[in-house]
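Structure record follows, encoded as structure tokens.
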Protein chains: 2
Amino acid sequence: MKKINVHVADDHKVLVDGISAVINTDSEIEICGYSLTGQQVIDWFSKKRNKADVLILDITMPIKDGFDVLRYFKEKRIFQKVIIFSSYDDLKIVQEALSLGCYGYVTKKSAGEHIIDAIKAVAKGEQYFSDDIKKILLKTFTNQVTSTGDLPDKIIIESLTDRELEVLKYIAYEMNSGEIAEKMSLSVSTIDTYRKSLLKKLNVKNSVGIAMYAVRNKLI
Amino acid sequence: MKKINVHVADDHKVLVDGISAVINTDSEIEICGYSLTGQQVIDWFSKKRNKADVLILDITMPIKDGFDVLRYFKEKRIFQKVIIFSSYDDLKIVQEALSLGCYGYVTKKSAGEHIIDAIKAVAKGEQYFSDDIKKILLKTFTNQVTSTGDLPDKIIIESLTDRELEVLKYIAYEMNSGEIAEKMSLSVSTIDTYRKSLLKKLNVKNSVGIAMYAVRNKLI
DNA sequence: ATTATCATCACCATTTATGGGGAGTCTCCC
DNA sequence: GGGAGACTCCCCATAAATGGTGATGATAAT
């Protein structure tokens, strides 16, 4: 079976060595490189022949930090599997890392034994979080998910009429005025009137703005 | 202090009575009505003078179920705070309820004592889930959030060039070709070329489609 | 009864977007 | 040294969206 290739990035060489040692105890995984700065990670991965199944990434590093690296992957559309290995267990940090597309998040304090599990899980395309991070995530979930927007938006949405809502939905479905008119059995003029009304009420610049408003406020 | 008004909807009258009894033991909460079918709930809330801070809603009910009721609120853009009170602890059910905008989810088996807490939390605009639901949600979270799309899309995204990616982003920011051209120091013609290319590659019909693609695939 | 809002449609002018070409430079790879 | 792609720009024509103004009937609220 092909081994899982892992690249380790941490500004403390001792830590890199430590992780490498732990990883090498497992026959299914092998180290294929390491970096001490974010810049080194980016340089390494920018070379076509350099590939790793999983990247263990510290956040705090000199010359480009872990976030910079994640942003680099996102911009270059490299779907690199990354496990953040950090001391931070702050919600904002975790959320930022998640939104930047990391696959796993393991805190240094709760690590050690779990890093192998994390690598194997992430290599399979699953996600992995250490227990303390799980706790934090659940909290986030409980307090935020499906929170239906804030006051200002709520007021705006309530000011939308049924027809406007309908048109908004169809706009977000990529339909043009003609198609919407047919769908709703109305004249194109009428649809255009609703378009204008939506642009005004939602304070956006064009149809894209209407559609984006719809997704942001879960109106579709 | 104003009391929290609660409407209870469950097809088993005994259960309605039971919940009412429990609720009435708390001086901050009072029952303002009940329903035995989903249709009754919709009828009740469609009358302008009928209002409740919190709706306790069963899923299984004759003549329109709990989901129908949630869909009704969503369509009518009524931001009703709803606590689902159900026997189901199935992930799909919970997700569906959440996506339909419920604020809390309490299973019947783990309920009783917690329903008061749930009502108070939800009344404040917070979310509330019973412990068993929390467990299920965390599982979901761990396995699904930030899953970076599926294969087909991944291939398409990788086929996008850097410039196309940039233009896509600006389109999603509601900018028109002229603005994008200025921003990128290019001619409008060039931006239009990228627009056409994006429409083709993403197989969408217009700019709205491009923007929606961007959000769906977390490219912005 | 009067006001207000919604729903519906129209005409106008202008700006943007879309669809189809073509075409030059550049770099990277075989 | 040829080819593929990326990046850049242009022309043309048509379709679509935006902005402004106005108008009618219906319904709901005060």
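Numbers restart at 1 for each chain; the letters A, B, ... are given by sequence-line order, proteins then strands. Because only heavy atoms are used, hydrogens play no part in the values below, and waters and symmetry mates are left out as well, while side chains stay in.
Distances shorter than 4.0 Å separate some side-chain N or O of A:Thr190 from OP1 or OP2 on C:dC9. Taking side-chain N and O atoms only, A:Tyr194 has no distance below 4.0 Å to OP1 or OP2 of C:dC6.
Remark on the helix from C:dA1-D:dT30 to C:dC30-D:dG1: inter-end axis angle 50°, axes from five-pair C1' superpositions, rounded to 10°.
Whole-Å rounding puts the B:Lys200 NZ to C:dA17 P distance at 18 Å. If you take CG of B:Leu202 and C1' of C:dT18, they are 15 Å apart, rounded to a whole angstrom. Rounded to an integer number of Å, the gap from B:Asn176 CG to C:dT14 P is 18 Å. Separating the CG atom of A:Asp162 from the P atom of C:dC6 is a distance of 10 Å, rounded to the nearest angstrom. Summarising the geometry, the separation between CE on A:Met184 and P on C:dT8 is reported as 6 Å, rounded to the nearest angstrom. Atom-to-atom, NZ of A:Lys196 to C1' of D:dA16 comes out at 12 Å; the value is rounded to the nearest Å. Distance CZ (B:Arg163) to P (C:dC26): 16 Å, rounded to an integer number of Å. One interatomic measurement links the two molecules: NZ of A:Lys201 to C1' of D:dG19, which rounds to 17 Å at whole-angstrom precision.
If you check every strand for non-hydrogen atoms under 4.0 Å, A:Asp192 touches a base. Note on B:Ser189: a base of the nucleic acid sits closer than 4.0 angstrom, heavy atoms only.
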Under 3.5 Å, which donor-acceptor pairs do the side chains of residues 59-67 of chain A form with other protein atoms, sequence neighbours left out?
residue	atom	partner	partner atom	Å
A:Asp65	OD1	A:Phe67	N	3.0
A:Asp65	OD1	A:Asp68	N	3.0

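Counting distance only, with no hydrogens placed and no angle test, the side-chain atoms of B:Ser187 and the base atoms of D:dC10 include no donor-acceptor pair under 3.5 Å.
The pair A:Asp26-A:Lys120 meets the salt-bridge criterion, since a charged nitrogen lies less than 4.0 angstrom from a carboxylate oxygen. A:Lys196 has no carboxylate O lying under 4.0 Å from a charged side-chain N of A:Glu164, or vice versa, which leaves the two without a salt bridge. Using a cut-off of 4.0 Å between Lys/Arg side-chain N and Asp/Glu carboxylate O, B:Glu166 and B:Lys169 are scored as not salt-bridged.
Considering only the side chain of B:Asn206, C:dT18 comes nearest among C:dT18, D:dC7, C:dT8. For A:Arg195, the side-chain atoms get nearest to D:dT18 when compared with the rest of D:dT18, C:dA17, D:dC7.
For A:Phe85 and A:Tyr105, the ring centers are positioned 6.0 Å apart or more.
Toward the 5′ end of DNA chain C lies the nearest nucleotide of B:Ser207, the other residue of the pair B:Ser207 and B:Thr193 mapping further downstream. For A:Val204 and B:Glu164, each mapped to the nucleotide of DNA chain D holding its nearest heavy atom, the one lying further toward the 5' end belongs to B:Glu164.
Counting heavy atoms from C-beta on, the side chains of A:Arg163 and A:Leu186 come closer than 4.5 Å.
B:Phe73 does not carry B:Lys81 over the face of its six-membered ring by the limits of under 6.0 Å from the centre and within 45° of the normal.
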